[in-house]
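To start, the structure itself, in structure tokens.
Just so it is clear: chains get the letters A, B, ... in the order the sequence lines come, proteins before strands, and each one is counted from 1.
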Protein chains: 2
Amino acid sequence: MDQTPPARLKMTDVARLAGVSVATVSRALSGSVLVSQDTRARIEAAVEATGYVVNQVAAGLRLQRSRQILVMLPDIANPFFGEVVLGIEEEAQHQGFGVLIGNTGRSPDREAALARQFQTGAVDGLVLLTGRRPALLADVPASRMVAVSEHIADDSIATVSIDNHAAAIEAVGYLRGLGHRRIAHIGGPAGNVLTAQRFQGYRDAQGGDFDPRLVRYGDYSIASGEAAMRGMLDEAARPTAVFCSNDEMAVGAIRAARAFGIGVPAGLAVIGFDDIPFAGAYDPPLTTVRQPRRQMGRLAARILLAALAGDELPAPTALPHLLVVRQSS
Amino acid sequence: MDQTPPARLKMTDVARLAGVSVATVSRALSGSVLVSQDTRARIEAAVEATGYVVNQVAAGLRLQRSRQILVMLPDIANPFFGEVVLGIEEEAQHQGFGVLIGNTGRSPDREAALARQFQTGAVDGLVLLTGRRPALLADVPASRMVAVSEHIADDSIATVSIDNHAAAIEAVGYLRGLGHRRIAHIGGPAGNVLTAQRFQGYRDAQGGDFDPRLVRYGDYSIASGEAAMRGMLDEAARPTAVFCSNDEMAVGAIRAARAFGIGVPAGLAVIGFDDIPFAGAYDPPLTTVRQPRRQMGRLAARILLAALAGDELPAPTALPHLLVVRQSS
DNA sequence: TTGTACGCGTTATCAT
DNA sequence: ATGATAACGCGTACAA
């Protein structure tokens, strides 16, 4: 039946229909003032009638930009990142940009493959949720990327995050207010900036009560949180509370406690981080530090798109976090 | 410092360096046989030395394709979709395609805005995780899209999914094997094909024990599952088990039971669907039907890319599911 | 206010 | 086996 695949129409077609040149159509469509009310109306009518849309690939070639941004993240299946992406996508789409997702799976190879996308002109800007700048992107100007959540160490990339140090102090301070002194900490991967910031907050809040034997590191998985907690419960001097660097590890800690016959919060108070959707539904509902993930994504996109348009990169600003107290503490 | 923003090099530059014409470079890079060992080596050396990569935008304009596919989904923050996207991305990247993510948020407006991307030439193909074909895409050939998880009603779009009817029968059959007869069902949004398939399986398994008062519908959220279950526990004749159409609603059902002082699985056996990462970590760990999400994504991408390359669309094949028995039943 | 014509970086056709 | 060159569809000097 549809013998002739309706041959997508081009600007020439619209021009012919409206009885003007392509230049005029182009101007009209890009909102130039250099076009009379009258002809503009005719052109718009023609566009309406045909359902014409500009070919972004051709426009991109001409303008040397693609109106696409790439989000690089370690694990899209993680609910934390998902919600951030939602915010990015919201703002990007609002400004007429498309969003590409690249999963690194924490593998440098995948990272490199993705970075190549950047070189091919398929992408104008980059949002980094990986906590580091891929090696291949060494020569891409900082004004074309923005980092979310994790500050990127060695350079001038704009960053959107909360004040992790303050959030950790607040969480641990809350536990101390409950009377806890032997408070453990399960952090993210060691050596990472984010991990260091939260650890420092924990340490500062603990002050003289700080005990290095109560600090472990995981990889943000439930299993790693459980393993870390088991390790500490095996020791003679057990903690009475634990501050975890994400909600998954907090769940792991609770499972470990349970395995030892320890009740939560009676025998062990637990605080997580992020407030993923499941945190409030767990049993017991998790006390946790909420990050404004959606808002972080939106802001990151806004900063990046502004930078692409030539604006200065803003000084890093921390978004507000919120300690959500539930029944695990 | 870097005064001259290193002006991305083009094929011409490589050609000059290798002492050949652009045509030859293009041929060499696309693996044509029409190029001698010798010159190919020289070209490869030049590429290596400069780090040149083909400009996909320009190639796309010439070839009339973008090597990008768009994944449309209702909610990227949902772990089910996240894992499917992972599979899609894996296969796509393997074949040199980029993946764009479009979040509809179940809003027709967003859907339309996304669909426009398709018309602009920015995208070659489409993966639908939304359970329906957007209105705007009425004239896009079915060979340029593939649906995952939910069969799309009215037409010939290729679909990748499990056998939902069989899976429901298996889940409910398992409960019946445990001696349950008053088995409730909390389904997804009413009117949706997927919901109907699982309901039908439930009904078939229940046979003469089927009782329409034990069927409710939710929106896949924890809250909706909880509300649905509360409704049934309020009634005189309570169910002794419930089969839920996803894990979130199963968690909601457990919370409702708890609020009524009913233990799980002692007072109420619960089965979920999907086996999201949290299912095994919940208390009690959830019995659930596992869908091979990653594999579904990979297969969908493979089918789509094959179709874009001209292959026939395969007949719908169901991927294997797996009833994972844990402690909630 | 509008039109003409060139170029964005590739690939494919046609010569050679 | 290689080279010259015409598209691909659009935006924008420049001319009118």
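You can see that DNA chain C meets the heavy atoms of chain A within a 4.0 Å-exclusive cut from C:dT1 to C:dG9, reading 5' to 3'.
Residues passing the side chain to side chain contact (heavy atoms under 4.5 Å, CB included) test with A:T104 are A:M72, A:P74, A:E111, A:L114, A:T130, sequence neighbours excluded. Residues passing the side chain to side chain donor-acceptor pair (under 3.5 Å) test with A:S21, sequence neighbours excluded: A:T24. Every residue meeting the side chain to side chain contact (heavy atoms under 4.5 Å, CB included) condition with B:L17, not counting sequence neighbours, appears here in chain and number order: B:A46, B:T50. In terms of the side chain to side chain contact (heavy atoms under 4.5 Å, CB included) criterion, A:T317 has no residue partners (sequence neighbours excluded). Here A:P189 pairs with A:T195, A:Y220 under the side chain to side chain contact (heavy atoms under 4.5 Å, CB included) rule; sequence neighbours left out.
The closest donor-acceptor contact from the side chain of A:D124 to the backbone of A:R67 lies under 3.5 Å. Proximity of a side-chain donor or acceptor of B:S30 to a complementary backbone N or O of B:S26 within less than 3.5 Å is detected. Under the 3.5 Å distance criterion, the side-chain polar atoms of A:R8 are matched with a main-chain donor or acceptor of B:Q119.
When the C1' atom of D:dT2 is taken as reference, atom CZ of B:R16 falls 18 Å away, rounded to whole Å. Atom C1' of nucleotide D:dC10 and atom CD of B:Q64 are separated by 12 Å, given to the nearest angstrom. Computed from coordinates, the A:D13 CG to D:dG9 C1' distance equals 11 Å when rounded to whole Å.
In this structure, B:V20 reaches the sugar-phosphate backbone alone: every heavy-atom distance under 4.0 Å involves primed, P, OP1 or OP2 atoms, never a base.
Applying a 4.0 Å cut-off to non-hydrogen atoms, none of the residues of residues 33-50 of chain B approaches DNA chain C.
Every pair tested for salt bridge (charged side-chain N to carboxylate O under 4.0 Å, His left out) that includes a residue from residues 96-109 of chain B fails, sequence neighbours excluded, so the list is empty. Sorted by first and then second residue, the pairs that involve residues 16-43 of chain B and meet salt bridge (charged side-chain N to carboxylate O under 4.0 Å, His left out), not counting sequence neighbours, are B:D13-B:R16, B:D38-B:R42.
Between the two ends of the helix from C:dT1-D:dA16 to C:dT16-D:dA1, each summarised by a five-pair axis, the helix axis turns through 40° (rounded to 10 degrees).
When every heavy atom of B:I76 is checked against every heavy atom of A:G82, the shortest pair comes out as CG2-O, 3.3 Å.
Between A:Y52 and D:dC10, a side-chain N or O to OP1/OP2 separation shorter than 4.0 Å is present.
More than 12 heavy atoms of other shown residues, nucleotides or ligands fall within 6.0 angstrom of atom CZ in B:R144.
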List the atom pairs, with distances to 0.1 Å, where a side-chain N or O of residues 298-312 of chain A and a protein N or O form a donor-acceptor pair under 3.5 Å, not counting sequence neighbours.
unit_1 : atom_1 : unit_2 : atom_2 : d
A:R298 : NH1    : A:E90  : OE1    : 2.8
A:R302 : NH2    : A:E91  : OE1    : 3.4

A correct 5'-to-3' footprint of nucleotides 11-16 of chain D, with B, S and - meaning base, sugar-phosphate only and no protein heavy atom under 4.0 Å, is BBB---
